[in-house]
Number of protein chains: 2
Amino acid sequence: MSLRFALLALLRVGPLSGYDLQKQFALSVGHVWHAPDSQIYPELRKMEAEGLVEGEEQARGQRGTRRVYHVTDAGERAFQEWMRSPLEYARVRDPAHLRAAYLEASTPAAAREFFRAHIAQWEGELAQWEGELKRIAALDNPMLARRLAATPPPDRERTVAFKRFTYEGLVERARGEIDWARRGLALVDGLEAADGEWAGSGANGA
Amino acid sequence: MSLRFALLALLRVGPLSGYDLQKQFALSVGHVWHAPDSQIYPELRKMEAEGLVEGEEQARGQRGTRRVYHVTDAGERAFQEWMRSPLEYARVRDPAHLRAAYLEASTPAAAREFFRAHIAQWEGELAQWEGELKRIAALDNPMLARRLAATPPPDRERTVAFKRFTYEGLVERARGEIDWARRGLALVDGLEAADGEWAGSGANGA
DNA sequence: TGAATTTACCTATGTCGATAGGGAATGTCC
DNA sequence: GGACATTCCCTATCGACATAGGTAAATTCA
């Protein structure tokens, strides 16, 4: 359900072809709401059928076409209503915490590998979000620039502020996960120092 | 796919009926991997068909029955293999950050309500996980006690340590979300102080 | 003893999402 | 001009999940 609002968020700035929309999606809104193109196109068609967006065929080259979508009044109202509605929280399904809770069933080596991989995963995320923050600070992000160009000057600071705030949140999240996994590595060290290498296979321990 | 490993994690401790399993699931593993009973029962049947668990019908009262499941050797091997395999990270779909990125389209009042609701949501989670940590410290959690009873003494500290560590991670996560939302409230205050009340309806600002 | 609750388990329906493709037209480069 | 890349868009298949129920038997409680 939230995919449509993610798409509306991006389309409100101005009309875009399906392809440009999904390209820009991946580089902006897609950082907080992932969707592959195979999901975006059918969703756009659905939204069109429901009157939230309108698509117009445009010529491309001699015989090609593309479809350019814009948000309708109904679409704008739906977006505003969503912004005011209570958020729907997904139920937790956290593979890392699931595994961490049962690491006594593993070995120190496998546990360390798990934490190292977790750190690597979230260091990748951290680097990405820090890069985005730099681009925001430099106003060097094409999607944000496009958005600011379509925004009256009094609103620009606010637009930038909320975008910045969001990425700061992603940075903090990534840092939290890295810290947690580092503490996990320390825990494995401590347990191994106390007990020696353990092998957790078998339901009742080694 | 991870539901089966969550179920195996719990079942490795000892055989359980389907009903007891889903009850205990909700109070333990379900904190990191949610699944309703309507999902658990079919999954157990599937796992049985694949040889990961075995179920035995037992009499219950005069005419009733229940099915008690235990992990097979193949199931144990599958669990161990999963513990060693690279974790599969779900793609991000974060409704709160999605909305936060576009709060300039909202009003200060609605933005504050959003952050307050977010704080309330995560304060609920925080209270729950802190409660679990207290129960772990007091060894007052029936599932953990059952698990420790089935665990050789040298392994008990380790079992408790990883469980504690996992809930500490959940606590930190909750705190991070609350802090973020508090900073969001401060941001709204600051923007309102600078610009006065804004109304973000309309794609190009008020 | 009968009503209410719990134990025990299940199905149906639909949505959302993953993944592995695919085709056609246009544009770029050697 | 042909090979390759990009633009533009799409489908099929399947698994995971949400939700709204449902039935039957046993147990509990007033």
Side-chain angles (χ1 to χ4, degrees), chain A residues 1-7 11 15-27 29-30 32-50 53 55-69 86-95 98, chain B residues 1-7 11 15-27 29-30 32-50 52-53 55-69 82 86-95 98:
Chain A
M1 177 54 88
S2 286
L3 174 55
R4 65 183 39 190
F5 300 113
L7 289 168
L11 261 184
L16 280 171
S17 72
Y19 187 82
D20 284 339
L21 179 57
Q22 65 92 15
K23 280 288 184 181
Q24 293 191 17
F25 188 96
L27 296 176
V29 198
V32 291
W33 196 276
H34 171 77
D37 68 316
S38 58
Q39 207 187 339
I40 288 176
Y41 289 110
E43 186 68 25
L44 280 172
R45 289 295 185 155
K46 248 185 265 164
M47 289 161 74
E48 192 175 4
E50 293 180 33
V53 298
E56 286 137 359
E57 290 252 341
Q58 285 188 357
R60 177 182 177 257
Q62 302 287 65
R63 289 187 300 154
T65 64
R66 71 182 151 201
R67 194 165 189 84
V68 175
Y69 294 91
L87 212 45
E88 291 174 357
Y89 289 88
R91 306 305 300 255
V92 62
R93 285 183 183 89
D94 183 337
L98 169 60
Chain B
M1 178 52 88
S2 286
L3 173 56
R4 62 182 40 188
F5 300 113
L7 288 169
L11 261 185
L16 280 170
S17 70
Y19 186 84
D20 284 339
L21 180 57
Q22 65 94 14
K23 279 288 185 184
Q24 293 191 17
F25 189 95
L27 296 177
V29 198
V32 290
W33 197 275
H34 171 78
D37 67 315
S38 57
Q39 207 187 338
I40 289 175
Y41 287 111
E43 187 67 25
L44 280 172
R45 289 294 185 157
K46 250 185 267 166
M47 289 161 72
E48 193 175 4
E50 294 181 33
L52 302 181
V53 300
E56 284 136 359
E57 291 249 344
Q58 284 188 358
R60 176 178 176 260
Q62 301 288 66
R63 290 186 301 153
T65 63
R66 71 182 151 204
R67 196 165 187 83
V68 175
Y69 293 91
W82 173 73
L87 212 45
E88 289 174 359
Y89 289 88
R91 306 306 299 256
V92 62
R93 282 184 186 88
D94 183 338
L98 169 60

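Chain identifiers are assigned alphabetically (A, B, ...) following the order of the sequence lines, protein sequences preceding nucleic acid strands; residue numbering begins at 1 within each chain.
Within residues 40-47 of chain A, the residues approached by DNA chain D to less than 4.0 Å at the level of any non-hydrogen atom are A:Tyr41, A:Arg45, in residue-number order.
A straight line from CG of A:Leu3 to C1' of C:dG17 spans 10 Å, rounded to a whole angstrom. One atom, CD of B:Glu57, and another, C1' of C:dT7, lie 15 Å apart when rounded to the nearest Å. Rounded to an integer number of Å, the gap from B:Glu48 CD to C:dC10 C1' is 15 Å. Here the P atom of nucleotide C:dT15 and the CD atom of A:Glu88 are 15 Å apart, to the nearest Å.
Residues satisfying the side chain to side chain contact (heavy atoms under 4.5 Å, CB included) criterion with A:Ser17, sequence neighbours excluded, are A:Tyr19, A:Asp20, A:Arg66, A:Val68. Not a single side chain to side chain contact (heavy atoms under 4.5 Å, CB included) links A:Gln62 to another residue, sequence neighbours left out. Remark: A:Ser38 pairs with no residue by the side-chain hydrogen bond (donor to acceptor under 3.5 Å, both in side chains) rule, at least two apart or across chains. For B:Tyr69, the ring-ring contact (aromatic ring centres under 6.0 Å, His included) test picks out no residue, with sequence neighbours left out. When the side-chain hydrogen bond (donor to acceptor under 3.5 Å, both in side chains) test is applied to B:Asp94, the partners found at least two apart in sequence or on another chain are B:His97. Partners of A:Arg91 by side chain to side chain contact (heavy atoms under 4.5 Å, CB included), not counting sequence neighbours, listed by chain and number: A:Arg93, B:His34. The side-chain hydrogen bond (donor to acceptor under 3.5 Å, both in side chains) test applied to B:Glu56 returns no partner, not counting sequence neighbours. For the side chain to side chain contact (heavy atoms under 4.5 Å, CB included) test, residues two or more places apart in sequence or in another chain that qualify with A:Leu27 are A:Met143. A:Gln39 meets the side-chain hydrogen bond (donor to acceptor under 3.5 Å, both in side chains) test with no other residue; sequence neighbours excluded.
Summary of the strand contacts: B:Gly18 and B:Arg93 both lie near DNA chain C, and taking for each the nucleotide with the nearest heavy atom, the more 5' one is attributed to B:Gly18.
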If a protein heavy atom is under 4.0 Å from the base, mark B; if only from the sugar-phosphate, S; if neither, -; do that for nucleotides 19-26 of chain C going 5' to 3'. BB----SS
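Under a 3.5 Å cut-off, the side chain of A:Gln22 and the backbone N or O of A:Ile40 do not form any donor-acceptor pair.
The only member of B:Val53, B:Leu7, B:Asp37 that meets side chain to side chain contact (heavy atoms under 4.5 Å, CB included) when paired with B:Leu21 is B:Leu7.
First and last contacts of DNA chain D with chain B, using any nucleotide atom under 4.0 Å from a protein heavy atom and ordered 5' to 3', fall at D:dA16 to D:dA26.
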